[in-house]
Amino acid sequence: MKASLTFFILYFFSVSVSAQQFKRIFLFNDFVQAQVKFRNHSVSAVSLNYDASNKTMLFLQTGEMMEMTNPAQVDTIIIGKRKFVPAGKGFYEVVCMKEGIAYIDWLLKDVNIGSKGALGSVTQGSVKSLQMSDLGLNGTEMYTPYERQKAGSTEVYRRKNDNTYYIKVKGKLEKVKSLKHLEKIFIRHKEKIRKFAKDHEIDMKDIQDVFSILDYCMGLEQ
């Protein structure tokens, strides 16, 4: 009965997306068995993947891809060793660090960096080549999407992130997208933060670098 109720809840707050043609960038290589804990205390085991381009949680239902349309009904989603909590219309990933907890509001994009030459080299376009440290996410190498390969395209792309991070400071959730945000949040330690960023060559588009400086800042005396 409990499993049937959980299935009904998950189905009721979902919509089929098989016919929709959004550009999707998935956080995981494939749909992964996950545990969904609802606010009504029911639990469901389903195959999930997170579309980090459109900020939607998707699951497989009898081979059909469905979108979870009411995240507010969910308490927590556990995918492997990773934890997600609802936030607005999407989800934040919860990352536990030494000095506290950070939340990732994932946003992934594919950036055109040029065209592939006859010998396999890339002729750089007007967009800067961007790399990301991916916490296990694949797709950071230069590539041409399969559907474009079929059409004979030589365009080359690289995946980048435009993530927003959140940390809790004095009971308030603070938004972080840049070093300036951190300097403002921890204004008494602005010079220390600047020195740490310089000494460690912090790149705020590199996820591991972001976690490094977030952990350092949360360890500072408020």
Side-chain angles (χ1 to χ4, degrees), residues 3 5-40 42-96 101-111 130-150 157-166 205-208 210-211:
L5 177 63
T6 301
F7 170 79
F8 172 77
I9 293 171
L10 194 59
Y11 185 82
F12 184 75
F13 293 106
S14 65
V15 62
S16 173
V17 297
S18 59
Q20 298 177 9
Q21 299 300 317
F22 296 119
K23 168 62 178 176
R24 298 193 181 280
I25 302 178
F26 288 111
L27 198 57
F28 300 94
N29 294 333
D30 204 348
F31 280 76
V32 182
Q33 191 72 5
Q35 186 180 65
V36 181
K37 298 180 181 179
F38 293 93
R39 292 191 182 278
N40 68 354
S42 60
V43 179
S44 180
V46 292
S47 293
L48 294 176
N49 208 334
Y50 190 63
D51 175 1
S53 179
N54 298 288
K55 299 186 180 183
T56 53
M57 189 68 73
L58 303 170
F59 66 97
L60 293 180
Q61 173 65 44
T62 60
E64 186 176 8
M65 191 163 61
M66 311 286 287
E67 179 181 325
M68 197 176 294
T69 58
N70 197 339
Q73 299 298 317
V74 175
D75 178 75
T76 310
I77 293 179
I78 306 296
I79 305 178
K81 295 181 179 179
R82 298 167 72 168
K83 178 179 178 181
F84 296 81
V85 294
K89 295 182 179 180
F91 286 83
Y92 291 168
E93 181 171 2
V94 183
V95 179
C96 296
I101 295 174
Y103 300 87
I104 311 175
D105 182 8
W106 282 95
L107 180 57
L108 300 181
K109 299 177 180 180
D110 285 340
V111 177
L130 295 170
Q131 284 185 299
M132 60 178 283
S133 177
D134 59 21
L135 290 180
L137 177 72
N138 288 330
T140 61
E141 298 300 320
M142 294 183 296
Y143 71 101
T144 301
Y146 179 69
E147 64 273 14
R148 292 181 180 268
Q149 289 181 33
K150 289 175 65 177
Y157 292 77
R158 192 184 293 277
R159 189 149 294 172
K160 60 164 277 191
N161 82 76
D162 192 23
N163 297 340
T164 302
Y165 303 86
Y166 293 88
K205 292 300 180 183
D206 184 305
I207 298 175
Q208 297 291 1
V210 173
F211 287 150

Minimum heavy-atom distance between Pro86 and Pro71, given as atom pair plus value:
CB-O, 3.3 Å
Distance (rounded to the nearest 0.5 Å) between Asn70 CG and Lys89 NZ:
11.0 Å
Of all residues at least two apart in sequence or in a different chain, which pass the side-chain contact (heavy atoms from CB on, under 4.5 Å) check with Ser53?
Ile25, Asp51
Would you compute the distance between atom CG of Leu27 and atom NZ of Lys55 and round it to the nearest 0.5 angstrom?
12.5 Å
Intermediate values then yes/no, side chain to side chain contact (heavy atoms under 4.5 Å, CB included), Val43 and Gln35:
CA-CA 7 Å; Val43 179; Gln35 186 180 65; 3.5 Å; yes
Evaluate the side-chain proximity of Phe91 to Met68: yes if any heavy-atom separation is below 4.5 Å, no if none is.
yes
Indicate yes or no: at least one non-hydrogen side-chain atom of Leu60 is less than 4.5 angstrom from one of Val46.
no
Drop me the distance from Met66's CE to Gln61's CD, to the nearest 0.5 angstrom.
6.5 Å
Interatomic distance, CZ@Phe59 vs CE@Met57, rounded to 0.5 Å, equals 11.5 Å
Residues passing the side-chain contact (heavy atoms from CB on, under 4.5 Å) test with Asp162, sequence neighbours excluded, are Leu107, Lys109, Lys177, Lys205
Please name the pair of heavy atoms, one in Tyr50 and one in Thr56, separated by the smallest distance, quoted to 0.1 Å.
CD1-O, 3.4 Å
By side-chain hydrogen bond (donor to acceptor under 3.5 Å, both in side chains), Asn49 pairs with (sequence neighbours left out) none
Tell me whether Asn40 contacts the main-chain N or O of Ser42 through its side chain, where contact means a donor paired with an acceptor under 3.5 Å.
yes
Is there a side-chain contact between Asn163 and Ile207, using heavy atoms and a 4.5 Å cut-off?
yes
For Lys83, the side-chain contact (heavy atoms from CB on, under 4.5 Å) test, sequence neighbours excluded, returns Thr76, Ile78, Val85, Val94
Is any side-chain heavy atom of Phe28 closer than 4.5 Å to one of Arg82?
yes
Hey, are Tyr103 and Asp105 close enough side-chain-wise for a donor-acceptor pair under 3.5 Å?
no
Going by side-chain hydrogen bond (donor to acceptor under 3.5 Å, both in side chains), name the residues that satisfy it together with Gln33, two or more places apart in sequence or in a different chain.
Ser47
Residues passing the ring-ring contact (aromatic ring centres under 6.0 Å, His included) test with Tyr166, sequence neighbours excluded, are Tyr92
Between Ile104 and Val95, is the side chain to side chain contact (heavy atoms under 4.5 Å, CB included) condition met? List the steps.
CA-CA 8 Å; Ile104 311 175; Val95 179; 3.8 Å; yes
